[in-house]
Amino acid sequence: MNQSFSQMLMNYAPLLVLFIVGWFFGARHERQHLARLTIAEAELSHIIVSSERFYVPKLVSQSEGELVLGSVVIAQDYFKMVIAKVLSFFGKNLTTYETLLDRARREALVRMRAQAQAKGYNHIYGLRLEVSNINQLGSMVEAIAYGTAVLSTENSTKAPNNAFSNTPAKISINTSKI
């Protein structure tokens with residue numbers, strides 16, 4: 001009995017160690033990605049994004065709209081895939097996929113806003129988000145965010161001087177529009 005337990009432990013110990021190491025580094029990478037997204041969203045918060053399709057803000061004279069888009073492909077780590085398979089067997093809510101989709105959407109929006117800022121725009125309207133699976137397992141998703149970027153007189157806020165630097169920008173929230 002004791003020998004069979006030790007034999008089983010020797011057989012499955014490397015698998016268990018790899019599983020734990022994968023979980024640790026996957027969770028660490030996800031936390032770092034979420035922290036970078038939070039900083040980037042704060043730095044780009046001066047760009048107003050609206051999903052209203054036919055709304056046209058007051059434009060600066062002699063300016064035209066331009067299509068801007070952000071696209072990202074994000075993969076799930078294997079540990080979370082195993083957990084999702086177990087949860088789906090019992091009919092539970094798949095929170096591991098929810099976080100994957102949330103990260104993909106947020107990253108696509110950040111990239112779209114960054115493209116608008118690089119082109120000198122301060123307002124995006126007609127926002128559309130598309131998310132699709134890339135592989136059969138559902139462990140990789142592609143998110144695309146696109147809209148019409150314009151230079152608006154309604155949003156005269158300019159980008160902070162240190163946009164996209166390594167230090168977070170000071171953010172002031174205007175509560176009069178809320």
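Just so you know, these numbers use all the heavy atoms, side chains as well, and skip hydrogens, waters and symmetry mates.
- The minimum heavy-atom distance between Val49 and Arg113, with the atom names listed, is CG2-NE, 3.1 Å.
- Between Met112 and Leu109, some side-chain heavy-atom pair lies under the 4.5 Å cut-off.
- To the nearest 0.5 Å, the span separating NE2 on His123 from CD1 on Ile47 amounts to 11.0 Å.
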**OP:** Could you walk me through whether Val141 and Val73 pass the side-chain contact (heavy atoms from CB on, under 4.5 Å) test, one step at a time?
**Re:** CA-CA 6 Å; Val141 294; Val73 175; over 6 Å; no
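- Taken to the nearest 0.5 Å, the NE2 atom of His29 stands 13.5 Å off from the CZ atom of Phe24.
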**OP:** Assess whether side-chain contact (heavy atoms from CB on, under 4.5 Å) is satisfied between Leu34 and Arg106, documenting all intermediate values.
**Re:** CA-CA 9 Å; Leu34 289 170; Arg106 288 175 62 189; 3.6 Å; yes
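- There is a path of hydrophobic side-chain contacts, each under 4.5 Å, that joins Leu15 to Met8.
- Of the inter-residue distances, the one linking Thr38 atom OG1 with Glu43 atom CD reads 11.0 Å to the nearest 0.5 angstrom.
- Of all heavy-atom pairs between Ala116 and Ile124, the closest is CB-CD1, 3.8 Å.
- Considering CD1 of Ile74 and CD1 of Ile134, their distance stands at 10.5 Å, rounded to 0.5 Å.
- Going from atom CG of Leu44 over to atom NE2 of His46 covers 6.0 Å, rounded to the nearest 0.5 Å.
- Connection of Val72 to Leu100 is established within a shared hydrophobic cluster, with ILVMFWY side chains joined at heavy-atom distances below 4.5 Å, either directly or through further cluster members.
- Hydrophobic clustering of Ile, Leu, Val, Met, Phe, Trp and Tyr side chains at less than 4.5 Å, counting indirect connections, keeps Leu18 apart from Met10.
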Original post:
Under the side-chain contact (heavy atoms from CB on, under 4.5 Å) criterion, do Leu69 and Arg111 qualify, and how do the steps go?
Top reply: CA-CA 7 Å; Leu69 65 95; Arg111 291 181 182 191; over 6 Å; no
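- Residues Glu130 and Tyr146 have side chains that bring a donor and an acceptor to within less than 3.5 angstrom of each other.
- In plain terms, the two heavy atoms of Tyr121 and Glu66 that are nearest each other are OH-OE1, 2.9 Å.
- Here the closest heavy-atom approach between residue Leu37 and residue Arg103 is recorded as CD1-O, 4.0 Å.
- Side-chain N or O atoms of Glu142 include none that pairs as donor or acceptor with a backbone N or O of Ser132 at under 3.5 Å.
- Across all their heavy atoms, Thr153 and Val60 have their closest contact at CG2-CG2, 3.7 Å.
- The minimum heavy-atom distance between Gly65 and Thr148, with the atom names listed, is CA-CG2, 4.0 Å.
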Subject >> side-chain contact (heavy atoms from CB on, under 4.5 Å) between Ile48 and Asn122, worked out >> reply: CA-CA 7 Å; Ile48 296 174; Asn122 64 356; over 6 Å; no
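- Residue-environment remark: CD (Glu64) stays at or below the threshold of 12 foreign heavy atoms within 6.0 Å.
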